[in-house]
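Inspection log for the structure reproduced underneath, given as structure tokens.
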2 protein chains.
Amino acid sequence: MQPKKPGTRVRGSTTGRPIMVLFDVLGQRWTLRILWELRHGRLNFRDLRAQCDDISPTVLNARLKTLRELALIDHQDGGYAYTSAGAELSNKLAGFDQWAENWAKSLDLS
Amino acid sequence: MQPKKPGTRVRGSTTGRPIMVLFDVLGQRWTLRILWELRHGRLNFRDLRAQCDDISPTVLNARLKTLRELALIDHQDGGYAYTSAGAELSNKLAGFDQWAENWAKSLDLS
DNA sequence: GCAGTATGCTACAAAATATGTAGCGTCAAG
DNA sequence: CTTGACGCTACATATTTTGTAGCATACTGC
């Protein structure tokens, strides 16, 4: 099932609340990773695929299509990159990195 | 495939970097939603399920198991709730809500 | 005791998604 | 006209998710 635009129904939720739409997209395999790998700048299809440990092109293309429809990335010149909205989201994601490091450390102690 | 603990290999990534582990978990369907629905406090299995639009118990149980293994939630007394790590993550998620609202508004304009 | 109820969870078959390999069509340079 | 890069599709296989049914345990009142 393709995620829907905000305002429409979303898998399992009849409200179409933006946060649900977002969870729907990000909850698809590889979406978070793809957004993450674009953090250093524009990448073309093949390089992006390589960065994502050779994700299958079928899935990569499906995700890129969704992310474009949701205006989180665009495709110009030499490849794919964030839109301004996508960049904002990416900034939020960036905060997860440090958190995850600390989280991993605390897991080791248990 | 079950997500692995940090330090071990993760789907598609041989580094086992914590952020990859995190993306791996959060990228599973329903994981973000489940974390989100716990934001108001402890919920038992059935209530949590109801909050998640009657997600199938099979998946809910699988996700809860994973989240417990990763020390993001625990199960005591009357149900499931964040651990301290889970609460931190939830705080970060909370920031997504307002962002998503604005994002949705800007999408309408296009 | 013993029915009634709530809870956490499992079984299982069907449906939806993801994976991996191969390769096509377009374009531009040599 | 060959070569290479690029974005992407086809397709068969494998994995994951879904949805319904219902089990096992632990209470609670009677």
Side-chain angles (χ1 to χ4, degrees), chain A residues 1-4 8-14 20-21 23-38 41-70 72-82, chain B residues 1-4 9-14 20-21 23-38 41-70 72-83:
Chain A
M1 189 200 284
Q2 278 281 93
K4 310 296 192 310
T8 64
R9 292 187 174 207
V10 186
R11 173 182 55 222
S13 172
T14 54
M20 294 302 165
V21 178
F23 286 167
D24 205 24
V25 194
L26 299 185
Q28 287 189 113
R29 201 151 285 165
W30 291 108
T31 305
L32 282 163
R33 175 71 178 273
I34 289 166
L35 285 172
W36 177 254
E37 296 299 351
L38 286 174
R42 196 170 290 275
L43 285 177
N44 68 32
F45 191 93
R46 287 172 190 226
D47 288 344
L48 180 52
R49 192 180 164 220
Q51 283 299 307
C52 293
D53 296 291
D54 281 324
I55 173 181
S56 103
T58 318
V59 176
L60 178 55
N61 188 44
R63 295 296 177 274
L64 290 173
K65 184 177 175 218
T66 300
L67 290 172
R68 269 185 288 180
E69 285 172 358
L70 294 176
L72 293 174
I73 62 171
D74 63 14
H75 185 209
Q76 299 171 354
D77 315 321
Y80 294 91
Y82 301 132
Chain B
M1 189 200 282
Q2 279 281 93
K4 310 297 193 310
R9 293 189 173 206
V10 186
R11 173 180 57 222
S13 171
T14 54
M20 294 302 165
V21 178
F23 286 167
D24 204 24
V25 195
L26 299 185
Q28 287 188 114
R29 202 151 281 165
W30 291 108
T31 305
L32 283 163
R33 176 71 177 272
I34 290 166
L35 285 171
W36 178 254
E37 296 299 349
L38 286 174
R42 197 169 289 276
L43 285 176
N44 68 31
F45 191 93
R46 285 174 190 229
D47 288 345
L48 179 53
R49 193 180 163 220
Q51 284 297 308
C52 293
D53 297 292
D54 281 324
I55 173 183
S56 106
T58 317
V59 175
L60 178 55
N61 188 44
R63 295 296 178 274
L64 290 173
K65 185 176 175 221
T66 299
L67 290 172
R68 270 185 287 179
E69 286 172 358
L70 294 177
L72 294 173
I73 62 172
D74 63 14
H75 184 209
Q76 300 171 353
D77 316 321
Y80 294 90
Y82 300 133
T83 59

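In what follows, chains carry the letters A, B, and so on, assigned in the order in which the sequence lines appear, proteins first and then strands, with residues in each chain numbered from 1.
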**OP:** State the NZ-CG distance between Lys65(A) and Leu70(A), to the nearest 0.5 angstrom.
**Re:**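 One gets 11.5 Å once the value is rounded to the nearest 0.5 Å.
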Original post:
What is the distance from atom CD1 of Ile34(A) to atom CG of Leu43(A), rounded to the nearest 0.5 Å?
Top reply: 11.5 Å
In whole angstrom, what separates [X]'s [atom1] from [N]'s [atom2]?
| X | N | atom1 | atom2 | answer |
| --- | --- | --- | --- | --- |
| Arg63(B) | dT18(D) | CZ | C1' | 11 Å |
| Leu60(B) | dT18(D) | CG | P | 11 Å |
| Gln28(A) | dT15(D) | CD | C1' | 16 Å |
| Arg33(A) | dT19(C) | CZ | C1' | 15 Å |
| Leu48(A) | dC8(D) | CG | C1' | 13 Å |
| Trp30(A) | dT15(D) | CH2 | C1' | 14 Å |
| Ile55(B) | dT17(D) | CD1 | C1' | 10 Å |
| Ile34(A) | dC8(D) | CD1 | P | 12 Å |

**OP:** Step by step, work out the side chain to side chain contact (heavy atoms under 4.5 Å, CB included) result for Leu60(B) and Leu64(B).
**Re:** CA-CA 6 Å; Leu60(B) 178 55; Leu64(B) 290 173; 3.8 Å; yes
Output yes when a side-chain donor or acceptor of [X] lies under 3.5 Å from a complementary backbone atom of [Y], and no otherwise.
| X | Y | result |
| --- | --- | --- |
| Arg63(B) | Thr58(B) | no |
| Thr31(B) | Gly27(B) | no |
| Tyr82(A) | Gly41(A) | no |

Original post:
Does Arg33(A) come within less than 4.0 Å of Asp24(B), counting only side-chain N to carboxylate O?
Top reply: no
**OP:** List in chain and number order the residues that pass side-chain contact (heavy atoms from CB on, under 4.5 Å) with Ala81(A), two or more places apart in sequence or in another chain; answer none if no residue qualifies.
**Re:** Arg42(A), Asp74(A)
**OP:** Using a 4.0 Å cut-off on protein heavy atoms (strictly under), produce a 5'-to-3' string for nucleotides 6-12 of chain C with B for base contact, S for backbone-only sugar-phosphate contact, and - for none.
**Re:** -BBBBBB
**OP:** Anything under 30° is parallel, anything over 60° is perpendicular, the rest tilted; go ahead and classify Phe23(A) against Trp36(B).
**Re:** perpendicular
Protein N or O to nucleotides 28-30 of chain C N or O, pairs below 3.5 Å:
none

